[in-house]
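Following: one structure in structure tokens, then a few remarks.
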Amino acid sequence: MVEEESLRVVRCGGSELNFRRPVFSADSKYVFCVSGDFVKVYSTATEECVHILHGHRNLVTGIQLNPNNHLQLYSCSFDGTIKLWDYVDGILIKTFTVGCQLHALFTLTQTEDSVFVIINKEKPDVFQLVSVKLPKSSGQEIEAKELSIVLDYINQSPKCIAFGNEGEYVAAVRDFYLSVYFFKKKTTSRFTLSSSRNKKRSKNNFTCVACHPKEDCIASGHKDGKIRLWRNFNDDKKYTYTCLHWHHDLVMDLAFSVTGGHKGTSLLSGGRESVLVEWRDTVEKNKEFLPRLGATIEHIAVSPAGDLFCTSHSDNKIVVIHRNLEASAVIQGLVKDRSIFTGLMIDPRTKALVLNGKPGHLQFYSLQSDKQLYNLDIIQQEFINDYGLIQIELTKAAFGYFGNWLATVEQRQEKETELELQMKLWLFNKKTQGFVLNTKINMPHEDHITALCFCNAEKSEQPTLVTASKDGHFKVWILTDDSDIYKKAVGWTCDFVGSYHKYQATNCCFSEDGSLLAVSFEEIVTIWDSGTWELKCTFCQRAGKIRHLCFGRLTCSKYLVGATENGILCCWNLLSCALEWSAKLNIRVMEPDPDSENIAAVSQSSGGSDLFVFKPSEPRPLYIQKNISREEVQWGVFVPRDVPESFTSEAYQWLNRSQFYFLTKSQSLLTFSTESPEEKLTPTSKQLLAEESLPTTPFYFILGKHRQQQDETLNEALDNELVQLPLTENIPAVNELLHTPAHVLPSASFLCTMFVNSLLLSKETKSAEEMPDDIDMKEEKESDDSDEENDFTEKVQDTNDTDLGEDVVRQLSKAEEKELRKFRKVDYSWIAAL
Amino acid sequence: PRSGAPARGGTRGCRGAGAAMAAGGGGSCDPLAPAGVPCAFSPHSQAYFALASTDGHLRVWETANNRLHQEYVPSAHLSGTCTCLAWAPARLQAKESPQRKKRKSEAVGTSDQVDLLALGTAVGSILLYSTVKGELHSKLISGGHDNRVNCLQWHQDSGCLYSCSDDKHIVEWNVQTCKVKCKWKGDNSSVSSLCISPDGKMLLSAGRTIKLWVLETKEVYRHFTGHATPVSSLRFTTIRPPNESQPCDGITGLYFLSGAVHDRLINVWQVRSENKEKNAVMSFTVTDEPVCIDLTLSENKEEPVKLAVVCKDGQVHLFEHILNGYCKKPLTSNCTIQMATPGKGKKSTPKPIPILAAGFCSDKMSLLLVYGSWFQPAIERVALNSKEPHMCLIRDISNCWAPKVETAITKVRTPVMNSEAKVLVPGIPGHHAAVKPASPQTKQVENKRKLEGDEVSIEDRLGAMQIDTKKGKDELLQTNSFPVLLTQGLESNDLEMLNKVLQTRNLNLIKKTVLRMPLHAIIPLLQELTKRLQGHPNSAVVMVQWLKCVLTVHASYLSTLPDLVPQLGTLYQLMESRVKTFQKLSHLHGKLILLITQVTASEKAKGMTSPEQKAKLVYEEESSEEESDDEIADKDSDDNWDEDEEEKESEKDEEVDEENEEEDDDAEKDEENGEDRDVASEKELNGDSDLDPENESEEE
């Protein structure tokens with residue numbers, strides 16, 4: 001058997017994608033974003049993660065393309081290093097050690113050997129923009145200690161710094177002023193908004209800044225939703241600014257789109273309205289909108305080529321948007337905008353993790369592929385994203401009966417006395433493969449619902465649901481025949497209302513066989529017979545309110561386990577109606593494993609969270625893992641494995657049939673893995689290892705080759721027999737043909753040969769372009785038009801060929817080339833015969 | 001003889017049917033081309049389903065949420081349509097022991113991301129497509145096939161790709177360099193199918209016969225007879241020899257199966273050490289030509305092989321069999337899965353939905369089914385229940401055709417909320433537990449009350465009631481009332497009649513009608529009123545007047561009914577839930593009304609000089625005492641509300657605001673008996689007045 005490594009806590013996905021502004025690769029094929037300690041490379045076409053750049057030891061805080069090599073990427077991190085990556089292959093090239101925490105990174109084409117970072121040296125709140133000279137050295141680990149301060153006392157956020165007009169100046173905003181530092185003059189100008197002094201409550205604060213790529217123009221966003229465009233700021237007195245105002249709430253980010261041909265530069269802005277606004281030619285009247293992006297826009301990025309934009313949102317997603325303001329792809333992580341009320345659940349049908357998602361939605365998240373599957377719209381109301389608006393919250397949800405039923409509870413509470421509560425029961429319709437609302441219950445209770453559980457026993461005749469509420473009651477809902485003369489139907493009705501001395505009901509759970517229901521009323525646990533709804537017995541430990549309650553399973557079904565707020569874990573024997581054992585543990589999360597007797601409990605102590613796995617039958621835990629997380633663990637869930645593992649060591653046997661996932665306060669989803677860090681590495685870094693020690697995968701070789709060919713010279717590519725697809729848009733002749741208006745073009749018959757020739761490769765390359773079939777046919781037709789043209793076109797072809805020799809970087813197999821040439825020959829001879 | 005006995009029999013049997021099918025379908029021009037279009041689930045977790053449809057598009061679907069992941073159109077999709085496709089093994093493959101490898105692939109979800117997809121075309125080229133980047137990687141052309149590629153197989157370890165073609169050759173590709181590694185003639189006719197042995201050292205090829213090649217030397221190791229028609233699928237079914245004692249050389253003793261075009265039998269062959277045996281050891285029979293075959297490998301002797309065969313007729317046949325030696329008779333399926341539309345009402349009969357492909361999930365307990373049309377297939381995970389011999393799944397795929405562009409971007413699914421859903425609001429039966437008569441607590445209380453209040457017998461009460469009605473008749477001799485009509489309406493449940501009476505807004509009329517109602521019609525009237533109260537709020541406004549009237553006039557009668565609690569439980573819940581909205585306000589309202597009516601009553605009493613009234617002087621004292629009690633009671637009632645629920649239900653018609661002390665009970669009953677109707681009715685007014693503010697709010 002394989003030797004087992006120690007159990008480690010690993011992040012299993014749902015990492016944050018919206019921490020910093022995403023960055024596009026030069027060809028817009030990839031988009032990079034920081035994600036915890038990693039940099040992720042996503043394909044803009046397929047939304048898939050292509051690589052994970054793995055190497056920083058702390059939060060990555062900034063990424064920028066290397067201005068001198070577009071296939072390289074700089075990243076900086078809190079661990080005090082700047083790393084240079086080859087993102088195509090996912091290889092770490094160099095590490096520059098700076099020493100102090102780096103908060104943001106900027107690069108400039110003009111300053112080849114240095115980059116700019118934001119650091120804070122002395123006081124915790126004072127940040128400086130410094131330029132770091134990156135020494136040229138062949139080593140992998142390089143010290144970069146040559147720092148020079150550019151701007152002092154700036155805002156921490158990289159959104160408040162922008163470099164303008166080919167690196168002539170840098171603009172920084174903070175509070176009520178804009179400072180511009182000119183690199184040539186080495187002077188700083190400062191512009192303060194006057195109104196800010198007069199009125200204390202005016203919201204003139206700067207929130208972000210962006211610089212026009214070509215002109216001397218700075219755009220700044222403000223807290224009141226205004227965008228100011230600053231001009232003539234070379235002069236301290238003559239400066240002007242104009243206002244653009246559409247946003248009603250603060251402007252979260254600004255970006256100038258890159259000038260694309262005859263179209264003017266436009267300014268992009270976004271904010272809490274979740275609407276991307278494009279100000280064409282940066283003029284107030286030419287506004288274009290892309291509404292309903294779902295959540296607050298945090299960042300806006302524009303690709304270097306200008307064909308794509310992307311916005312990153314507070315609900316942890318990146319939307320890739322075409323130039324014409326059409327969303328083309330969504331890279332969605334685990335939605336973590338809002339607090340999780342529902343806890344973690346597993347959909348028995350799809351085995352997906354289910355929790356609160358977008359506002360009013362339940363998100364279904366595939367743990368296997370680390371991707372969001374879909375959001376289920378439960379509340380079905382238009383979400384208005386506005387600060388201070390009290391929304392309907394989805395507070396509870398539960399699956400029952402193998403995923404056939406879903407119960408959801410939504411609430412809205414504006415004032416203490418005005419609680420709106422609604423419970424919905426959804427039936428999974430197998431025919432349409434979707435949920436259908438079966439019963440809607442308004443105000444199922446007079447106060448908040450604290451717990452919700454289905455009776456999931458296999459033998460139960462009637463689907464049963466229990467809700468416990470703060471109003472001191474628990475209600476038993478059963479599915480009854482609801483048919484009338486018009487339709488056959490089933491619906492849920494209340495069967496029983498139970499209470500115990502007006503205490504608030506806090507938890508409820510069914511035993512495994514469904515014969516008993518345990519409801520906790522503050523400090524007291526009551527056991528009810530689910531057949532007759534008679535109170536069987538009560539347990540009271542007087543050890544604080546019950547926080548969690550669950551029955552044992554399988555061989556431990558005679559036990560009931562409860563955790564109290566005073567830090568006592570109690571286990572009662574249901575046969576003897578006595579306390580079996582208790583332990584002093586401040587339990588935050590208690591989850592029973594559906595496939596075994598084990599119960600996992602996470603306790604909170606001052607040092608962090610500890611995990612205990614135990615069986616109710618014995619007070620000694622099976623497994624203890626100390627300090628699984630520094631933060632408080634909020635929710636946990638056991639996910640059954642598709643294929644059971646076979647850990648032999650006793651300590652890990654609890655992981656054989658299911659895997660334990662938990663969610664911390666900062667909403668990172670963690671799990672346990674026994675694999676060594678090396679094995680646990682992400683795909684790209686694994687490939688790296690593979691190259692050194694193991695046989696490489698086909699993918700790596702193909703990818704590597706393919707990329708090299710694009711960069712390397714033609715001669716090298718000649719030997720290679722790899723055939724690329726025709727990329728017609730890169731050929732100047734084709735571009736010319738397609739972009740010239742039709743009425744100024746000569747006749748098609750005249751152009752055709754020229755066009756076809758332009759697709760061919762020059763003689764030096766000795767290879768020809770693969771020709772689309774339809775063009776061949778055209779040539780045939782065209783060639784019988786006139787003989788004179790042939791001479792002419794051949795001349796044209798010659799000139800064309802020499803022109804194109806440098807531009808066209810493509811090759812065909814010799815066989816195909818020959819074939820093509822033959823084809824042409826045949827063609828001409830046929831004309832001669834005419 | 002080219003074919004084994006069972007195979008031959010089967011071929012003969014179905015040849016006619018197969019030919020007819022091909023002619024009728026007319027989908028493929030080549031009668032010997034396999035049915036169906038090339039499609040495959042991605043390895044390991046079956047996260048994707050790649051499908052190269054006949055229009056030349058390659059579409060990759062996400063199996064978990066049935067979403068189109070990406071679509072790709074090869075540049076030469078019209079001339080060289082895709083004939084076969086194969087997913088490359090997961091990106092990461094390290095040479096390690098098999099157990100270890102397995103563990104890795106499962107423990108970390110993201111690490112076994114599959115990427116590369118090989119597509120064989122009708123013109124002989126092979127394309128490699130990257131699903132991660134959504135673009136073509138490379139094209140394998142030079143030195144390859146010059147005719148239709150029939151089958152592609154990735155080598156699980158070395159990263160080599162094997163292809164076979166109509167040009168009779170088998171080619172081994174080095175994918176890393178995109179070059180041909182080796183090319184050899186595989187058969188005298190076209191080679192239609194390939195399969196690599198579990199240990200990676202052997203290769204099965206099917207042409208005219210099935211051959212087993214040694215990959216290292218490219219020599220034929222074994223021959224098998226094969227099928228009469230081109231073999232469309234070859235699969236190894238076991239990875240260990242059945243006999244443990246046998247020396248394991250990786251291939252001897254293994255079983256593999258083969259399915260062929262137009263053949264309803266799937267043959268199972270065993271690789272034996274002796275060279276003589278060329279015939280199939282057993283066969284599985286299915287209803288039509290197999291289109292797609294998936295199986296779970298059996299890793300040991302005890303574990304049966306699970307086989308899912310999708311047939312051309314759209315059915316799936318499941319076999320579960322432990323492979324051990326010969327079996328003469330063709331085996332029939334353990335379970336058949338079919339699919340059909342619901343075919344509701346007018347929409348004629350249910351139509352079958354073809355199942356296009358099936359694949360076992362990694363837990364081996366559920367099956368991924370692809371069904372519907374090739375252009376918009378639906379993918380579903382179905383749990384297998386081995387006990388049932390026949391499963392018919394009813395699916396409504398009509399809405400699958402709806403455009404899904406919007407949802408593809410936002411990934412939002414909207415569950416159906418139609419009007420058929422049941423709505424429960426407070427007060428509607430079903431929202432709260434039904435009031436049960438057999439509640440032991442209530443009984444006790446009732447008993448108690450009976451014991452202590454036995455001086456007032458039912459007879460007395462009835463007597464009093466009769467006097468009441470008489471008296472009422474005497475006093476009010478107006479004809480303007482409809483008791484008869486209402487009674488008749490209630491009895492016949494005639495809506496028209498009921499509406500005529502109940503929709504009146506004339507307070508006097510209501511009062512008179514209620515007064516003259518026969519007693520037996522009271523409960524039906526109340527139930528009718530309850531029903532109408534649950535309806536539209538506008539009608540409820542009128543109904544409240546009726547209800548108020550009925551309760552004030554007939555309270556004493558109602559209190560005598562033994563089964564009042566279950567009969568009027570709904571009404572009580574309704575009232576309670578509605579009153580809740582402005583609880584304090586209605587309490588105040590009730591108190592004020594009580595005061596006012598008492599004042600008017602006392603003023604009236606002054607004016608009246610009937611002997612009866614004089615006899616009641618005793619009660620006036622008590623009632624004034626009670627007035628102060630009422631105030632206390634009001635305070636108490638807030639607290640006692642829940643606890644005394646049951647009792648209140650029984651009493652609520654008499655007094656909602658009253659406390660339940662026995663003394664008071666007695667006092668009240670005395671009052672009732674004492675025919676002091678004014679006071680009693682005032683009290684009821686008080687109780688019912690709770691409804692009034694709520695009505696106002698509704699009207700607003």
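Quantities reported herein were computed from a predicted structural model and do not represent experimental measurements. Lettering of chains follows the sequences in order, A, B, ..., and the numbering in each one begins at 1.
B:Ser362 OG to A:Arg641 CZ: the interatomic distance, rounded to the nearest 0.5 Å, is 12.0 Å. One finds the OG1 atom of B:Thr414 at 10.0 Å from the CD1 atom of A:Ile378 (value rounded to the nearest 0.5 Å). Considering CG of B:Leu393 and NZ of A:Lys431, their distance stands at 12.0 Å, rounded to 0.5 Å. Put simply, CG on A:Asn429 and CD1 on B:Ile394 are 11.0 Å apart, with the number rounded to the nearest 0.5 Å.
In this structure, chain B has heavy atoms under 4.5 Å from both the backbone and the side chain of A:Lys430. Only the side chain of B:His69 comes within contact range of chain A, with heavy atoms under 4.5 Å apart. Heavy atoms closer than 4.5 Å to chain B are found in the side chain of A:Lys358, but not in its backbone. With a 4.5 Å cut-off on non-hydrogen atoms, A:Gln363 does not touch chain B at all.
Contact of the A:Asn375 side chain with the B:Arg413 side chain is not registered, since no non-hydrogen atoms from C-beta on lie closer than 4.5 Å. Annotation: side chain of B:Met417 is in contact with side chain of A:Trp426 (closest heavy-atom distance under 4.5 Å). A 4.5 Å side-chain heavy-atom check between A:Trp477 and B:Leu424 finds at least one atom pair inside the cut-off. In this structure, the side chains of A:Leu437 and B:Pro415 stay at 4.5 Å or more apart for every pair of heavy atoms.
When every heavy atom of B:Val412 is checked against every heavy atom of A:His361, the shortest pair comes out as CG1-NE2, 3.7 Å. Among all heavy-atom pairs drawn from A:Val50 and B:Val132, the shortest one is CG2-CG1, 3.5 Å.
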| request: Check the pair A:Asn442, B:Val423 against side-chain contact (heavy atoms from CB on, under 4.5 Å), reporting the backbone distance first and the verdict last. | output: CA-CA 8 Å; A:Asn442 285 323; B:Val423 178; 4.3 Å; yes
| field | Intermediate values then yes/no, side-chain contact (heavy atoms from CB on, under 4.5 Å), B:Lys422 and A:Lys440 | value | CA-CA 6 Å; B:Lys422 185 176 173 181; A:Lys440 187 164 82 176; over 6 Å; no
| Where do A:Arg349 and B:Arg381 land on the side-chain contact (heavy atoms from CB on, under 4.5 Å) test, with the steps shown first? | CA-CA 8 Å; A:Arg349 187 169 294 278; B:Arg381 189 174 168 149; over 6 Å; no
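With salt bridges taken as basic N to acidic carboxylate O contacts below 4.0 Å, one links A:Glu47 and B:Arg67.
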